[in-house]
Amino acid sequence: MASRSRTLQLGQALHSSLINRLFFSSSTLTFFNPTTTITNPAPRILSNNFFNQRRIRTMATAAAGKKIEWLVVVPDFEGVGEKRLEVRPDHFAGLGKNVDNGVFQMGGAVLSEPPTSDDPKTFKFAGSTVVLLAESREEVIKILKEDIYAQKGVWDVDNAQMWPFKCAFRFPVPGQQFQQKQ
């Protein structure tokens with residue numbers, strides 16, 4: 001139960017972060033209050049409590065052979081911080097295949113506290129998040145279970161949260177240079 005609660009906390013933190021980035025104040029978009037009706041084309045969320053709503057999922061699987069993006073949050077098991085750091089180099093080495101073939105679109109660690117330095121040894125890891133391409137939830141789970149973090153007992157894949165995802169915008173990571181693979 002503690003793991004499920006931890007997963008919900010991760011999901012709610014991610015939701016809060018996404019809302020803060022998606023619904024901002026500018027000349028073209030008014031700050032979004034979920035209880036008001038707006039006339040611009042921004043998405044409408046009917047409740048602040050996104051993760052406790054009952055929803056009909058119309059995009060749970062893609063048309064046969066069509067891959068869609070999935071937003072995935074995978075919690076770590078409790079007390080695996082040292083194991084995560086030990087396995088981390090192998091995890092990064094194993095990402096190459098899925099980055100090169102375009103399956104992984106974005107990913108990174110979820111932290112339970114803001115980092116105080118750039119040294120991963122000081123991070124308070126809570127899990128990972130990834131945007132990936134897959135045809136179904138089952139394929140997403142298969143991809144996650146192939147990762148060394150899952151195989152070595154860092155990721156709690158059984159409590160991963162995943163949603164079909166339609167990205168509205170993407171920005172490069174500050175301080176990183178990306179090269180487009182040809």
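Nothing fancy with the numbering, it's 1 onward along the sequence.
A salt bridge links K142 with E146: the closest approach of a Lys/Arg side-chain nitrogen to an acidic carboxylate oxygen falls below 4.0 angstrom. Between E139 and K67, at least one side-chain N (NZ, or NE/NH1/NH2) sits under 4.0 Å from a carboxylate O, which counts as a salt bridge.
Under the 4.5 Å side-chain heavy-atom criterion for grouping Ile, Leu, Val, Met, Phe, Trp and Tyr, V130 is not connected to L133 through any hydrophobic cluster.
Classified by interplanar angle (parallel below 30°, tilted 30° to 60°, perpendicular above 60°), the ring pair F123/F125 is perpendicular. The aromatic rings of Y149 and H91 lie parallel to each other, their planes meeting at an angle below 30°, with 60° marking the opposite boundary.
Between the side chain of K83 and the backbone N or O of K152, at least one donor-acceptor pair lies under 3.5 Å. A distance-only check finds a donor-acceptor pair linking the side chain of T129 to the backbone of V72 [under 3.5 Å].
When every heavy atom of A150 is checked against every heavy atom of V157, the shortest pair comes out as CB-CG2, 3.7 Å. The two residues N98 and N101 come nearest to each other via the heavy atoms O-OD1, 3.0 Å. The minimum heavy-atom distance linking D76 with G127 is given by the pair OD1-CA, 3.3 Å. Across every non-hydrogen atom of S112 and A126, the tightest pair is N-CB, 4.0 Å. Contact record, K121 with L85: CA-CD1, 3.9 Å, taken as the closest heavy-atom pair. F165 approaches L71 most closely through the heavy-atom pair CB-N, 3.7 Å.
Counting heavy atoms of neighbouring residues, nucleotides and ligands inside a 6.0 Å radius, atom CG of D118 does not exceed 12 of them.
Atoms CG and CG, on L144 and D156 in that order, are 11.0 Å from each other to the nearest 0.5 Å. If you take CD on E135 and CH2 on W70, they are separated by 10.5 Å, rounding to the nearest 0.5 Å.
Taking 4.5 Å as the limit, some side-chain heavy atom of W163 sits within range of a side-chain heavy atom of V73. The side-chain heavy atoms of K124 and L111, taken from C-beta on, include no pair separated by under 4.5 Å. R84 places a side-chain heavy atom less than 4.5 Å from the side chain of W155. I148 is not listed as a side-chain neighbour of V154, based on a closest heavy-atom distance of 4.5 Å or more.
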